[in-house]
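What follows is a single structure, written as structure tokens, with notes after it.
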Amino acid sequence: YLVGIGLTGTTLRTMAIVQTKTVHGELAQFDLADNEFGLVTSSASAYINEELFLRWVEKIWTPHIEGLRRRLQTPEQTALLLLDGASAHLGQKAKELFVQCNTRVVELVPHTSHLTQPLDLVIFAAYKSIKSSR
């Protein structure tokens, strides 16, 4: 699954990837479901690859950011995306898409989740408590 939660309190649609062999024949070539809740697609391994990541950027990230900018009336605002170090994330095509949609990408150092995971408890929890008290 690719799941995104923004600091503005918004949640991005989810992208679920199922293994191609569990999908009937030719259906595996297409998105199995694409609606307001998320996108279900397939790959041979059921893991993210560069093609699926590009699909996530095009179908989920870019529309979400553009919609958020419209709602906030900040059309030129740069978006920030934090990514883990998966090699599928930052191919040349993905970098070009992020430039087009005015997104700055920060790639976390591989094998550091034990250091960055406390952000969920400390930084994001504090932000959520401030936001909910308003």
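Computed from a prediction, not measured in an experiment: that's the story for all the values here.
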With sequence neighbours left out, what residues match R71 under side-chain contact (heavy atoms from CB on, under 4.5 Å)? T10, L68
Worked verdict on K59 versus R13 for side-chain contact (heavy atoms from CB on, under 4.5 Å): CA-CA 9 Å; K59 289 187 163 234; R13 294 186 321 144; 4.1 Å; yes
What residues, two or more places apart in sequence or in another chain, satisfy side-chain contact (heavy atoms from CB on, under 4.5 Å) together with V106? L80, L82
With sequence neighbours excluded, residues passing side chain to side chain donor-acceptor pair (under 3.5 Å) with N49: none
Check V57 against F98 and note the closest heavy-atom contact, atom names and distance. CG2-CZ, 3.6 Å
Just to verify, what does Q92 make a side-chain contact (heavy atoms from CB on, under 4.5 Å) with, not counting sequence neighbours? K95, E96
Straight-line distance of I60 CD1 to M15 CE, nearest 0.5 Å: 6.0 Å
With sequence neighbours excluded, what pairs up with T62 under the side chain to side chain donor-acceptor pair (under 3.5 Å) test? none
Atom CD of E58 and atom NZ of K93: how far apart are they, to the nearest 0.5 Å? 6.5 Å
Are Q77 and L72 close enough that some pair of their side-chain heavy atoms sits under 4.5 Å apart? no
Separation between CD1 (I17) and OG1 (T41), nearest 0.5 Å, reads 7.0 Å
For T74, give me all partners under side chain to side chain donor-acceptor pair (under 3.5 Å), at least two apart in sequence or on another chain. none
With sequence neighbours excluded, tell me which residues meet side-chain contact (heavy atoms from CB on, under 4.5 Å) with A79. W61, I65, R69, T103
Residues that E51 engages under side chain to side chain donor-acceptor pair (under 3.5 Å), provided they are two or more places apart: R55
Indicate the atoms forming the closest heavy-atom contact of I48 with F53, along with that distance. CD1-N, 3.5 Å
